[in-house]
Amino acid sequence: MLEDGKIFIGASRNPDDSINKGEYLDLKFGNRHGLVTGATGTGKTVTLQVLAEGFARAGVPVFAADIKGDLSGIAARGEPKDFLTKRAEQIGFTDYEFDQFPVIFWDLFGEKGHRVRTTVAEMGPLLLARLMDASEPQEGVINIAFKIADKAGLPLLDLKDFTALLNYMGENASELSSQFGLISKASVGSIQRALLVLEQQGAEHFFGEPALKISDIMRTSNNGYGQISVLAADKLMMNPRLYATFLLWLLSELFEELPEVGDPDKPKLVFFFDEAHLLFNDAPKVLTERVEQVVRLIRSKGVGVYFVTQNPLDVPETVLAQLGNRLQHALRAYSPREQKAVKTAADTFRPNPAFDCATVITNLGTGEALVSTLEAKGAPSIVERTLIRPPSGRVGPVSDAERQQIMDRSPVLGVYDEDVDRESAFEMLAARARKAADSEAAKRAQEEAPQEGNTTSGWTLPGFGGGDDDQPTRGQSRGRSGYQRETVVEAAMKSVARTVATQVGRALVRGILGSLKR
């Protein structure tokens, strides 16, 4: 049932449960994006694995987030199991065979895969503000910070660079506000507290160098298979905002770096965004517009984006309209929102006169989905009730030992595993502060140095002689002409007063340093 230029998804069946025909996703429409939805336990992860295997077998690199750890099994050869062979026989899949696929494991924390990093500068002010859940005034300060960094040539690589820049902005808020707009110290303080929260949640592992190169997730293996990049996201899901921001950053980087290719015979890269609702939860309008823009325009870069989520209502309508290939697993319809989701999902399909979509969606079995893909000139096919084919890779996670063996022979081994901390904003601002402190200390020492010809003691206290009180203050004159001749009596009286003052000063110093203990 395999066909060249197409990914075999499964076999549709007639209302009497007999097999109808094979269902395929045409590779030339693979960059028209897609949606995989369904309630928990309906088989979304296996469907994702089937699609990833199909793209990889066609030589298309794949990037997918592994939320529960189950997707890691795609790196190991499948094993004969009753439910797999039964499904293959049920749909007449006589070409079914087990296989393993080239996988690179990634992990923001470096525990279950190679480290994934980016720099603060590459993240940009919009996504950084989203990550920190910044208010509008705080977002304005973040934008000013990036402007100052660009103007002053301060590389923003990691969180300590950004923290150092914020400290500088807080200390010089008045001067900087006149150039860039109001910089509130309260807003700076709030951003610093938000950065502290991010550090406690592990975001410092994400910012730094070496930053991820897009080319390293767009590899093909020696046997012509597309490399599958699997992001370990089980721990990352503890901070869903970081997870969503990272994946949006990756999409933005792909959009900015890849050249226009129009409509290729197959995608250059396919991107699976699991738990997609996290991207849009409480997202400001400007961010949703950014997602819509990237999804709409990245197709011409040869990148396909597939959202995987439980409910089709999780994806905004403006984004939903860009998703051409759809696989809908079973939905529950207990609450009003769930009933609305069923109706929304049914209405998005090209109707099939053989059954009612809204009724079938609630009755689909595990591993069964309503499937509609683009065909002919890009028009959606009539929706079909489809039994999803069994995957060729292992269903279930790999062991820790197997994961380590795969990482040890990874094509990016040693490239991202060690941190690189080169000179950046933190070091440059620290050096500038030291230089300013040294200059101020030297100036102070010069001002406090005793005047030439001064015969008084080295012990001095302000106002008790031996200091600058005997010299005219800068800008101050003794008379209108700047000089007044002293009489003999005045000179004698000043001499006596100076001697008395010096003796009183010495006595006071001795009292402070020695006699207070008595």
Side-chain angles (χ1 to χ4, degrees), residues 108-110 115-134 137-213 239 242 245-246 249 415-449:
L108 264 67
F109 304 98
R115 286 285 300 277
V116 180
R117 304 179 191 81
T118 187
T119 63
V120 173
E122 289 177 344
M123 174 67 73
L126 175 62
L127 294 184
L128 191 61
R130 157 69 171 167
L131 183 58
M132 294 190 292
D133 196 20
Q138 293 166 3
E139 186 174 348
V141 172
I142 293 173
N143 277 279
I144 292 174
F146 276 77
K147 181 68 175 178
I148 292 173
D150 290 339
K151 189 172 182 179
L154 298 172
L156 296 177
L157 304 182
D158 50 28
L159 289 184
K160 72 176 186 298
D161 290 328
F162 194 58
T163 301
L165 180 57
L166 290 173
N167 290 335
Y168 167 77
M169 292 172 62
E171 293 168 357
N172 301 274
S174 300
E175 296 84 349
L176 294 172
S177 294
S178 62
Q179 300 181 51
F180 300 98
L182 179 62
I183 299 176
S184 167
K185 291 186 177 181
S187 294
V188 171
S190 298
I191 296 170
Q192 289 173 323
R193 290 191 294 272
L195 286 177
L196 181 61
V197 173
L198 288 181
E199 289 180 1
Q200 293 174 341
Q201 294 177 346
E204 76 274 9
H205 298 289
F206 179 44
F207 293 104
E209 289 187 320
L212 177 67
K213 295 180 181 178
N239 185 4
L242 177 59
T245 305
F246 160 71
W249 162 80
V415 177
Y416 298 101
D417 300 322
E418 297 295 333
D419 291 322
V420 175
D421 190 11
R422 63 182 174 94
E423 186 181 45
S424 52
F426 175 80
E427 290 79 11
M428 296 171 70
L429 288 171
R432 187 175 300 179
R434 285 194 300 270
K435 184 178 179 180
D438 293 343
S439 177
E440 183 67 23
K443 182 179 179 182
R444 189 181 298 111
Q446 185 177 4
E447 291 176 351
E448 295 176 354

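Treat the numbers as computed from the prediction; the structure is a model and nothing was measured.
- If you take OG on S184 and CD1 on I191, they are separated by 9.0 Å, rounding to the nearest 0.5 Å.
- Of the N and O atoms on the side chains of E175 and S178, not one donor lies less than 3.5 Å from an acceptor on the other residue.
- Taking each heavy atom of A121 and F146 in turn, the nearest pair found is CA-CE2, 3.9 Å.
- The backbone N or O of I183 lies less than 3.5 Å from a partner atom in the side chain of S177, making a donor-acceptor pair.
- Annotation: the span from Q138 atom CD to S187 atom OG amounts to 5.5 Å, rounded to 0.5 Å.
- Counting only heavy atoms from C-beta outward, the side chains of L108 and L242 approach each other to under 4.5 Å.
- The nearest pair of heavy atoms linking E204 to L198 is OE1-O, 4.1 Å.
- Rounded to the nearest 0.5 angstrom, F162 CZ and F207 CZ are separated by 9.5 Å.
- Proximity of a side-chain donor or acceptor of E427 to a complementary backbone N or O of S424 within less than 3.5 Å is detected.
- R115 places no side-chain N or O within 3.5 Å of a backbone atom of V415 that could act as its donor or acceptor partner.
- Distance alone, capped at 3.5 Å, is enough to place a donor-acceptor pair between the D161 side chain and the D158 backbone.
- Inter-residue side-chain proximity for Q192 and L196 is flagged as unmet; no heavy-atom pair is nearer than 4.5 Å.
- Salt bridge present: D421 and K160 bring a charged side-chain N and a carboxylate O closer than 4.0 Å.
- Considering all non-hydrogen atoms of both residues, L128 and M123 come closest at N-CG, 3.9 Å.
- In this structure, P155 and M428 have side chains that are in contact, with non-hydrogen atoms separated by less than 4.5 Å.
- For S439 (side chain) and K435 (main-chain N/O), no donor-acceptor pair under 3.5 Å exists by modelled atom type.
- Pairs of residues two or more places apart, or lying in two chains, that qualify as salt bridge (charged side-chain N to carboxylate O under 4.0 Å, His left out) and include a residue from residues 117-130 are R117-D419.
- Using a 4.5 Å cut-off on side-chain heavy atoms (C-beta onward), L157 and V120 make no contact.
- Of all the heavy atoms in L166 and V188, the pair that sits closest is O-CG1, 3.5 Å.
- Legend: residues meeting ring-ring contact (aromatic ring centres under 6.0 Å, His included) with F246, ordered by chain and number and at least two apart, are F206, W249.
- The two atoms that bring E139 and A129 nearest to each other are CG-CB, 3.8 Å, heavy atoms only.
- A search for ring-ring contact (aromatic ring centres under 6.0 Å, His included) contacts involving Y168 returns nothing, not counting sequence neighbours.
- Residues Y416 and L212 come closest through the heavy atom pair CE2-CA, 3.7 Å.
- Applying side-chain contact (heavy atoms from CB on, under 4.5 Å) to M132 and the options T245, L127, I142, V197 leaves one that passes, I142.
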